[in-house]
Structures are given as C-alpha cells and as structure tokens.
Amino acid sequence: MVHFSDFALHKSIQQAIHDMGFEEPSPIQEQCIPKILEGGDLIGQAQTGTGKTAAFGLPLIEKVTGQNAVQAIVLTPTRELAIQVSGELRKIAKYKKVRTLPIYGGQSIGHQIRALKQGVQVVIGTPGRVLDHLRRKTLHLDQVKMLVLDEADEMLDMGFQEDIESIIRETSTDRQTLLFSATMPQEILRLARKYMQDPQTVSISRKEVTAPTIEQVYYKVFERSKLESLCRIIDSEELELGIVFCRTKRGVDELTEALQERGYMASGLHGDLSQAQRDKVMKSFRDSTIELLVATDVAARGIDVGNVSHVINYDIPQDPESYVHRIGRTGRAGRRGIAITLVTPREMKQLRTIEKVSKSTLESRNVPSIEEVLERQQTIWRQQLVSLMDGEHELAPFMQVVDGLHEDYPVDKIAAAALSLAFSSTLADDASETYDFGETGASRGYVRFFINIGRSLDIRPPDLIKEMTELVGISSKAIGKIDIFENFTFIEVSEDVAPFVYEAMRNSRIKGKRVNVEPAKPRAKRT
Ligand code: ADP
Ligand code: MG
C-alpha cells in the first residue's frame, strides 16, 4: 500500500494532507504525484470524484518557490471549479507561504487587478477571464513553470479551445504541462499533441467487480440536509449494528459528534486513533454498546464483525471497488444485510457508474417524511412501554410520583408528560429543504421547468424521459407534460422531486450540450 509519506513532499505539505483528513492516496494520485514531481508532461484520466485536484495540486504546491511571479496556472471550465480548486490548493498550502488567486468572470476585474499587483504565485482561472487579463497586461505568464488544464473535456465542450490555445502561447515553452480529464475525446488528444512534450499517460480504468447479493438501496438527499436525512433514514430502519462510511477522517469526527449530539450511540474510527482507542471502539461495537460505527474506508478495512445489519454510505464511495468493499461488511454468514447509499444530485452519475461496474441495481427510496418518522417512533415507544409494563421492571418509585399527581391531573396527561420527558430528545425535527420555485404555470402538484434544449438537438419526449429517469433517478411517473420547441423545452415534474430535478439537471449535459434549467415563468394570460 502506498502512503502519502512515500512521496517526496515537504513535511509542511504532509502536515496539510493530514489536516485535510486524507488517509491514503487515491489511485490517480498514487500514479501521478511521483511522475509530476519528477518533471515532464502528463495526461491524467480518471472519472469524476477520484481526487484529480490533489493529484496535480500536491506537486504543484511543492514546486512553488519564493520567486515573486506567477509560477503556475490552472485553467478550469467554470467559476465554481476555479473557486473549488483554489480552495483545495489553499488547504494544501496551509503551512507554506504561497499566494494563490482565483480569477473568473462575474467578479469585479478591478479587485482581481489589485490582487494580481500585490504578487501572486499561482493563478486558478477560467479561460475567458485569464485571457482578458493577458490582454490588459495585468497578468504575465512568461515565468510560468507549470500549466494545468483541469477538466479539459468540459473546457472544450464549453468552447474554450481557442482561448486555451491563446493562453498556452503566452507561457514559456520550457513549462511542465499537465492535463486532467474524465474522458479523452479526440480534440483533447489533438490539443495534447500540439502543446505537450512526450506526455506520459495515466489512465485509471475501472476494474469490474462483483457486488454481493444483498439488498441495496439509495436515497436522494441534498448536501445541506444530509445529516437530517441520515437521521430519518436510521430512525426508519430496524438497525441492529451499522457502519457509516465517510470520505475523510475529519468527516468521521464531525459526523460522529453530530450523531452523538442527537442521541445516537455512535463512535468514530479512523487512522489517527491510537491502537488502544481503536480497540476500545471495536470492543464497544462488538458488544453492541454502540449502534453506529462511523469510519473511513481504510479504518474499516480490517473489521470483521458478524452482525452488521446496515452499511450506510454517508459519502458515496469514490469508486465501484470501494463500494463493493464497503457493502461486503454486511450480510455476513447468511444474515440479512442492507446497504444504503446517500446520493446528492451531483453524485447521481457516480452512482450510475457504480451500478454499471459492480453490476448491481440500487433501488431508489425517498427519505422518510417527518410524519413517517414520527409514526415509526411512536410504534417503538409503544413497544417499549408495553414491555416495561408486562415485564418485571421496578416501577414502584415512579408509581409514587404518579400517585402524588393524579388528583390534580388526569392520568393520560401525566403519562404523556412522562413520555415527553423520556423521548423528546429523540423527536425528529423538521429541517425540510424548501425550494420555492414560485408560480411556474404548472398543473396542480407539479413544477414547470424551462430547459435550454429542444428539437434542434433532435430531442423527443421519450429521449428526455429516458435521460431524466437515468440522470436524476426519478420514475417516469413523476414527469408530467412536456412541450418541446425548436430551442427549448417546458417540462412539468411532480413537486416532491422538483428540487432534485433542478439540482441534478443544472449540472448535466444532454447530447453533449450543457443543460440550463430554470423554473418557468407562468404563461401570460391572453386577453
Ligand atoms: P475530481 O477532480 O477527480 O473530480 P476532486 O479532486 O474534486 O475529484 O476530489 C473529490 C473529493 O475527494 C474532494 O472532496 C477531495 O477533497 C476528496 N479527496 C481527494 N483525494 C482524497 C484522498 N486521498 N482521500 C480522501 N478524500 C480525497
Ligand atoms: Mg476535478
């Protein structure tokens, strides 16, 4: 197994990696980092979510020197990605003085010019705005030693080819050029041939893996209410012993704490714990004094506990192999097991890859509503009360309290107050994510969306329904009226899935075209 410490990275960067909570390099990182550190051009291909940013970000930050000039430039397709990559680079450079700056359209150029004047060593930008600065001579790339084209396929899709080439020509020819992409269409290879020197190629292909035959389901959740969704799911399951997977060590710590605060018996397990702490957690897990073990992939690797009833992917696994490893922790020795995966709209594609490569189908379920959770909780409380009353439990001291009260209060009120005392901390709270799409002119119970694709792309209703059921993971029954015009489409979807449709479609692509989704404006009434 390769560790981050095997790479020739300065200890300030090793410390930053540790703080970021990464336990071990992902496959693309394992192969790219040493090659980039050595020098030479490189093409890296791996699917989305596999850690390509740190694959170039770690060696990039390592190589930045004290020189006061733009030494590295990263081009990304969108403003969001520029900000995201810039954030990740800052975390990597936490203990090293490196001045980084994201530059993108939509932000005041004056502000960027001032920041550039103060001296920046690493620029992360979208091609349009970078070019703008080059033309204004507010950005100079003649000292650039490393050029990174991140998400290259997306940049080309968005029509940035010429801009990219103009930018590349402004950099010195002895630069190191890196190109990262999820896919490798012809145009990228052409670009690579034109501007890269004998590039090495690292391609992480997906090995086929077989998932065990256990019940596999997924829940569509939103990033901002993920915790609440998890709690509702847990509350609605007959959970004996569960392992909850998070991507990072920090994620484990945060989730464990949040679950404990909400009254769950949870403990965290990751590589930073001492052997003694680890043993203690594992013992309480085996003895069932805890019900949830929150862990990273690495930490859970060695675990072999027989009665794990649930594996819950709080963070979707980074690759199908890891999915298969994770879910293999349940359903041991012929017991019933269930694997639950939480999927945010952006992660829907990753789920489809996992399904395809692991040859399994995950059944889609909706996060239980607050009413459903309450109903289920009430059943549990009733059962607990009945077993107390029928059992041999010592109720006498409590009886005395009831006796003292029942002259002034009705017994049913006393009982309800007692229940509230016992259980109100476990009462689910309503953090329903309300998206208000306003009046969209839809039929009752539906939301009408405007989508910027139409007949000119040879789209017919069945195509659209197929795309949406796959991409968004909704049933075709949730789709209502579709009106396709030459260059746009109106589509109605049922209210309960509308937020998900909105989030998932907005970042997607249909027939190669980037999709823009907006709530429709109500039709103007004809008079
Ligand atoms: P990509 O560019 O391949 O789509 P990202 O670089 O955006 O993927 O990484 C996806 C997520 O995985 C980010 O949240 C990142 O912080 C996290 N990540 C990257 N490398 C690791 C690692 N070695 N261990 C744990 N998490 C990682
Ligand atoms: Mg990326």
Side-chain angles (χ1 to χ4, degrees), residues 1-7 9 13-14 16-34 36 42-61 74-94 102 124 126 148-155 157-158 178-184 188 202-206 223 226 245-255 270-272 295-301 313-319 321-322 325-326 344 346-351 353 507:
M1 200 165 105
V2 176
H3 299 275
F4 279 111
S5 55
D6 297 333
F7 301 135
L9 295 168
I13 292 176
Q14 299 283 4
I17 297 171
H18 177 266
D19 289 4
M20 288 164 85
F22 293 2
E23 287 200 299
E24 60 170 9
S26 68
I28 186 91
Q29 292 164 358
E30 182 180 326
Q31 292 200 45
C32 290
I33 293 172
I36 301 175
L42 179 137
I43 299 175
Q45 176 188 11
Q47 69 185 101
T48 306
T50 48
K52 295 194 285 296
T53 317
F56 65 78
L58 291 165
L60 185 153
I61 296 297
V74 182
L75 295 179
T76 69
T78 62
R79 160 203 175 123
E80 285 73 28
L81 273 169
I83 296 172
Q84 208 175 303
V85 169
S86 160
E88 188 117 336
L89 292 184
R90 277 207 184 137
K91 282 188 209 151
I92 294 171
K94 183 172 174 190
I124 306 95
T126 51
V148 184
L149 306 175
D150 190 24
E151 314 285 354
D153 48 357
E154 300 224 1
M155 283 203 284
D157 276 352
M158 291 173 73
L178 309 174
L179 185 154
F180 285 86
S181 193
T183 60
M184 281 296 153
I188 293 200
V202 170
S203 178
I204 304 299
S205 60
R206 302 182 293 245
E223 193 61 53
K226 223 170 157 184
F245 282 96
C246 291
R247 190 171 294 152
T248 63
K249 292 184 274 193
R250 179 166 306 167
V252 166
D253 286 337
E254 285 171 2
L255 183 62
H270 57 61
D272 281 358
T296 55
D297 287 289
V298 177
R301 215 162 270 167
N313 296 312
Y314 185 69
D315 293 327
I316 193 166
Q318 287 193 314
D319 52 67
E321 269 174 81
S322 133
H325 275 297
R326 285 183 181 187
T344 65
R346 285 164 172 279
E347 294 165 341
M348 213 54 216
K349 270 212 197 97
Q350 226 162 312
L351 176 77
T353 305
N507 300 298

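These numbers were taken from a predicted model, which means no experiment stands behind them. Counting convention: from 1, in listed order, for ligands and their atoms alike.
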Going by distance alone, is a donor N or O of one side chain under 3.5 Å from an acceptor N or O of the other, for Gln350 and Thr353? no
Looking only at side chains, do Asp153 and Thr183 share a donor and an acceptor under 3.5 Å apart? yes
Top protein contact for [atom], by heavy-atom distance:
{"atom": "atom 4 (O) of ligand 1", "result": "Gly49 N, 2.6 Å"}
{"atom": "atom 6 (O) of ligand 1", "result": "Thr53 OG1, 2.6 Å"}
{"atom": "atom 20 (N) of ligand 1", "result": "Gln29 NE2, 2.8 Å"}
{"atom": "atom 11 (C) of ligand 1", "result": "Arg247 NH1, 3.7 Å"}
{"atom": "atom 18 (N) of ligand 1", "result": "Phe22 CZ, 3.5 Å"}

Using heavy atoms and a threshold below 4.0 Å, how should the contact between Phe56 and ligand 1 be classified: side chain, backbone, both, or neither? neither
Any idea which part of Glu24 is under 4.0 Å from ligand 1, heavy-atom wise: side chain, backbone, both or neither? backbone
If you round to the nearest 0.5 Å, how far is [atom2] of [Y] from [atom1] of [X]?
{"X": "Met20", "Y": "Ile13", "atom1": "CE", "atom2": "CD1", "answer": "11.0 Å"}
{"X": "Asp253", "Y": "Thr248", "atom1": "CG", "atom2": "OG1", "answer": "8.5 Å"}
{"X": "Glu88", "Y": "Lys91", "atom1": "CD", "atom2": "NZ", "answer": "6.0 Å"}
{"X": "Ile83", "Y": "Thr78", "atom1": "CD1", "atom2": "OG1", "answer": "8.5 Å"}
{"X": "Phe7", "Y": "Glu30", "atom1": "CZ", "atom2": "CD", "answer": "6.5 Å"}
{"X": "Phe4", "Y": "Phe22", "atom1": "CZ", "atom2": "CZ", "answer": "6.5 Å"}

Numbered in order shown, the ligand 1 atoms found under 4.0 Å of a heavy atom of Thr50 are 1 (P), 3 (O), 8 (O)
What atoms of ligand 1 come closer than 4.0 angstrom to any heavy atom of Glu151? 2 (O)
With respect to atom 9 (O) of ligand 1, which of Gly87, Gly51, Gly251 exhibits the smallest heavy-atom separation? Gly51
Please compare Gln350, Gln318, Lys249, Glu88 and report which has the shortest non-hydrogen distance to atom 12 (O) of ligand 1. Gln318
With a 4.0 Å cut-off on heavy atoms, does Ser26 reach ligand 1? yes
Does the residue Phe4 have a heavy-atom contact with ligand 1, meaning some pair of atoms that are separated by less than 4.0 Å? yes
Looking only at distances, please establish whether an N/O atom of ligand 1 is found under 3.5 Å from an N/O atom of Pro25. no
Taking Asp19 first and then Arg250, would you say they form a salt bridge - that is, a charged N and a carboxylate O separated by under 4.0 Å? no
Quick one: give me the number of protein N/O/S atoms under 2.8 Å from the Mg ion (ligand 2). 1
Matching residue for Val74 among Leu149, Leu178, Leu60 - test: side-chain contact (heavy atoms from CB on, under 4.5 Å): Leu60
Hey, are the side chains of Met184 and Ile43 touching, using non-hydrogen atoms and a 4.5 Å cut-off? yes
With a 4.5 Å cut-off on side-chain heavy atoms, are Val202 and Gln45 touching? no
Looking at residues at least two apart in the chain, or sitting in another chain, which of them share a side chain to side chain contact (heavy atoms under 4.5 Å, CB included) with Pro77? Leu81, Glu151, Glu154, Met155, Met158
